[in-house]
Amino acid sequence: MARKADWDCALDEALKVIKLTPSSHIGHQLQHAALHGAQRYDEAIDAFQIMLSKLENAPDMQTRKLRQQYINPSEAERAIQESIKAQLDDAPHRLLNTFTGRLCDGEAQINAFKTSTEYKELLSSTLVHADLRMERIQDVVATYFRCVTLSHRWEGRESLLHDIQDKVINELNPVGGIVKLQSFCKTVRAAGYRWGWIDTCCIDQTNNVELQKSLNSMFVWYRTSALTMVYLSDIPPSSKPGALARSAWNTRGWTVPEFLAPKVIRFYQNDWTLYLNDRSPNHKQSVAIMQELEDATGIDAKILVAFSPGMKNAREKLQWASARVTTVQEDIAYSLFGIFGVHLPVMYGEKKQNALGRLLQEVVARSGDISALDWVGQSSEFNSCLPASITSYKAPPYTPPVLSEGDIQTSISSLQDTMIVELALELYSSLERLSAPRFANHRLHLPCIAFSVTEVRRRPVEHKETYFTYEVKADGLRDLQIITEGRLLQFSRGRPARQSFLLVRPWDRRLLELPDYADDIKSVDDFTLPGSFGEEGPVDPGSSQRAMRLIVRLGQPFSTFLLAQQRSGEYKRIASDRDIITQVKDVDYVHGKDVRTLEIL
């Protein structure tokens, strides 16, 4: 790299050329190069403007044609401005400038860039080329506006927007939440970044429009951040392995998307030193830390490192959040918007049942995934097929016994009969025609296989119990037990009830073994069926073979739920405190089953 003295010498030479040939562009061209090299970019741009003027006003055509080799400064400025706009379109509305200690909106961020050395160098260097070199423009802009996000627990009196707006953070009295802000800015700056974002003061909590946009965008902000710093306020310096798993940070609802979304993350102890003194640039690459986080969250380390938002594996994602808590009850649902890749209205005051209901409604309607209906606990007021609380997903869903390919083929061989094959094809066709589950006005339209309940009897007990156990019989099903806190109407064939009851198997389209189950699954290899294939994988020898494979699977034990018909004809789910597991009596009961779509309130 040339020394300052070298550039000063080059500048002297350029001035001599200008003095000798004042009407020529060459001296100003040399002057621009020397000033640019000396990092005197404002003067370099002025010299370049003069050079362009000399070329445009040159007496000979050949010299004037040289002007075409260079870009207009206004064109370069416009290209940079467009790149800035694209960069900030998906960025937070406000960021902390950790160099100045001020909170900056988008306009202030742009102004800071335009007065920066980076901007002036970019503009000066862009001018000397015939094309815009957009790749470099985008790279410089992206580098300048790199942002660090903070994941933390709200504690005590946090500093909000009105506490720091139009103030210099470093000059404020270091008490309460100000200490956290000052330490965050210092740590961000030490890591080599200019901009930082924290949810306490970078969002106007009093502006409903801004708050809604922010909550729907936060997953993307963490996703696109250059780094997410996780501040563990309850982890002292020099903590031993295992401290992260015990941190209260691991109990909060909003922290789930905050550690899943980022590509780069680092954990900090309460004195802002790195957890386990791990100085690697990305703790997602630390096997020890990711294993500890897996143990604490129940989320596979591979998912922690490379999580993709979307509807796939909905039930598993709900289980991740089932033990989390939030200060505001609706946030337990809002915090999951980004994980599922949905944008929904944020309506504080609607209560958690409605917030969770709207989210689950969207998940079921968009994905066709019925696993969100697999829960135990209390029914929601939003819809009886949905749970009242996220805690209903704590227990893992029922998994039927694994069927190997050999098991399936053995069962098919025992069923080979012309009549059975025809009935299997007919059932397969009926199930294939079923539409996906959908919601409308809080009503669930659920495709299912229905079994009429013929008898409900409460089992006698010798002492008072919290839960009641009922013996239940249904056409085509083996006898089963239902355990619930609620009291069920008892009836039998000899003493029928006025109300109709059904045990239903929600229809899972994956059992058809078609490769287009969901738009976020590219092939049949991308998912595993309940009680699914062995290592040999699925086969597709033809429609009759698929139909027979379906019959075998429908003969397996399955999770069901109880519905009670209402006066208007719709149904309501009767919640249970235990999984209801049942099985058809034999294969003959599979063929003529009641396949329909029920409307559930």
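By convention here, the first residue in the shown sequence is residue 1.
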Donor-acceptor contact present, side-chain [X] to main-chain [Y], <3.5 Å:
X    : Y    : value
K284 : F259 : yes
N383 : G357 : no
Q269 : Y275 : no
T326 : W254 : no
Y393 : R315 : no
R266 : S280 : yes
Q583 : Q556 : no
S429 : L425 : no
D234 : A248 : yes
R578 : Q481 : no

So which heavy atom on [X] is nearest to which on [Y], and how close?
X    : Y    : value
V342 : E362 : CG1-CG, 3.9 Å
V363 : A314 : CG1-CB, 3.8 Å
W197 : P92  : CD1-CB, 3.4 Å
A245 : E292 : N-OE2, 3.1 Å
Q319 : P397 : OE1-CD, 4.3 Å
C385 : I600 : SG-CD1, 3.6 Å

First locate atom [atom1] of [X], then atom [atom2] of [Y], and finally report the distance between them rounded to the nearest 0.5 Å.
X    : Y    : atom1 : atom2 : answer
D374 : T560 : CG    : OG1   : 10.5 Å
L477 : R505 : CG    : CZ    : 10.0 Å
S384 : L444 : OG    : CG    : 8.5 Å
L550 : S543 : CG    : OG    : 12.5 Å
F561 : C448 : CZ    : SG    : 7.5 Å
S452 : D594 : OG    : CG    : 6.5 Å

In the structure I gave you, are the side-chain heavy atoms of [X] and [Y] within less than 4.5 Å of one another anywhere?
X    : Y    : result
I332 : R324 : yes
I370 : V364 : no
T582 : F558 : yes
D577 : V376 : no
N270 : I235 : no
V472 : I580 : no
R358 : P345 : yes
L554 : L427 : yes

Heavy atoms of other groups near [X] [atom1], more than 12 under 6.0 Å:
X    : atom1 : result
E381 : CD    : no
K352 : NZ    : no
D90  : CG    : no

Checklist entry - Would L304 and E294 satisfy side-chain contact (heavy atoms from CB on, under 4.5 Å), going step by step from the backbone distance to the final call? => result CA-CA 8 Å; L304 292 172; E294 175 182 325; 4.2 Å; yes

Next on the checklist: Filter on salt bridge (charged side-chain N to carboxylate O under 4.0 Å, His left out), then keep only pairs touching residues 423-452, sequence neighbours left out; what's left?
Outcome noted: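 For residues 423-452: R443-E570, R443-E599.
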
Checklist entry - Hey, mind stepping through T410 and D407 against side chain to side chain donor-acceptor pair (under 3.5 Å) and telling me if it holds? => result CA-CA 5 Å; T410 299; D407 294 334; 5.6 Å; no

Next on the checklist: One pair to check against salt bridge (Lys or Arg N to Asp or Glu O under 4.0 Å): E258 and R252. What are the steps and the verdict?
Outcome noted: CA-CA 10 Å; E258 291 170 7; R252 307 302 297 176; over 6 Å; no

Checklist entry - Between Y470 and F468, how do the two ring planes meet: parallel, tilted or perpendicular, split at 30° and 60°? => result tilted

Checklist entry - Once the angle between the rings of F267 and H283 is folded into 0 to 90°, is it parallel (under 30°), tilted (30 to 60°) or perpendicular (over 60°)? => result parallel

Item to check | Full working for salt bridge (Lys or Arg N to Asp or Glu O under 4.0 Å) between R549 and E405 | outcome: CA-CA 10 Å; R549 292 168 68 86; E405 187 59 35; 2.7 Å; yes

Next on the checklist: I'd like to know if D508 pairs up with R510 as an ion pair, taking the criterion as any Lys NZ or Arg NE/NH1/NH2 lying under 4.0 Å from an Asp or Glu carboxylate oxygen.
Outcome noted: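 Here D508 pairs with R510 in a salt bridge, since their nearest N and O are under 4.0 Å apart.
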
Next on the checklist: Assess, by modelled atom type and distance only, whether the side chains of T255 and R153 contain a donor and an acceptor separated by less than 3.5 Å.
Outcome noted: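 No - no donor-acceptor pair under 3.5 Å links their side chains.
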
Item to check | Under 3.5 Å side-chain donor-acceptor pair for Q545 and Q409 | outcome: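 There is such a pair (donor and acceptor under 3.5 Å, judged by atom type) between the side chains of Q545 and Q409.
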
Item to check | Intermediate values then yes/no, side-chain contact (heavy atoms from CB on, under 4.5 Å), L502 and L598 | outcome: CA-CA 11 Å; L502 297 175; L598 298 174; 3.9 Å; yes

Checklist entry - Can you check side-chain contact (heavy atoms from CB on, under 4.5 Å) on R553 and I408, steps first, answer last? => result CA-CA 8 Å; R553 294 197 177 283; I408 294 175; 3.3 Å; yes

Checklist outcome for this item: Residue pairs meeting ring-ring contact (aromatic ring centres under 6.0 Å, His included), one or both in residues 338-367, sequence neighbours left out, come to Y334-Y348

Next on the checklist: Applying ring-ring contact (aromatic ring centres under 6.0 Å, His included) as the test, list every pair that has at least one member in residues 479-507; sequence neighbours left out.
Outcome noted: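 Passing the test, one end in residues 479-507: F491-F501.
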
Checklist entry - What do the steps show when you test L211 against I203 for side-chain contact (heavy atoms from CB on, under 4.5 Å), and what is the final call? => result CA-CA 7 Å; L211 183 60; I203 300 175; 4.0 Å; yes

Next on the checklist: Show, in sequence, the C-alpha distance, side-chain angles and deciding distance for S214 and W221, and conclude whether the side chain to side chain donor-acceptor pair (under 3.5 Å) test is met.
Outcome noted: CA-CA 9 Å; S214 297; W221 294 346; over 6 Å; no

Checklist entry - Out of L359, L360, L356, N354, which one pairs with F382 under the side chain to side chain contact (heavy atoms under 4.5 Å, CB included) rule? => result N354

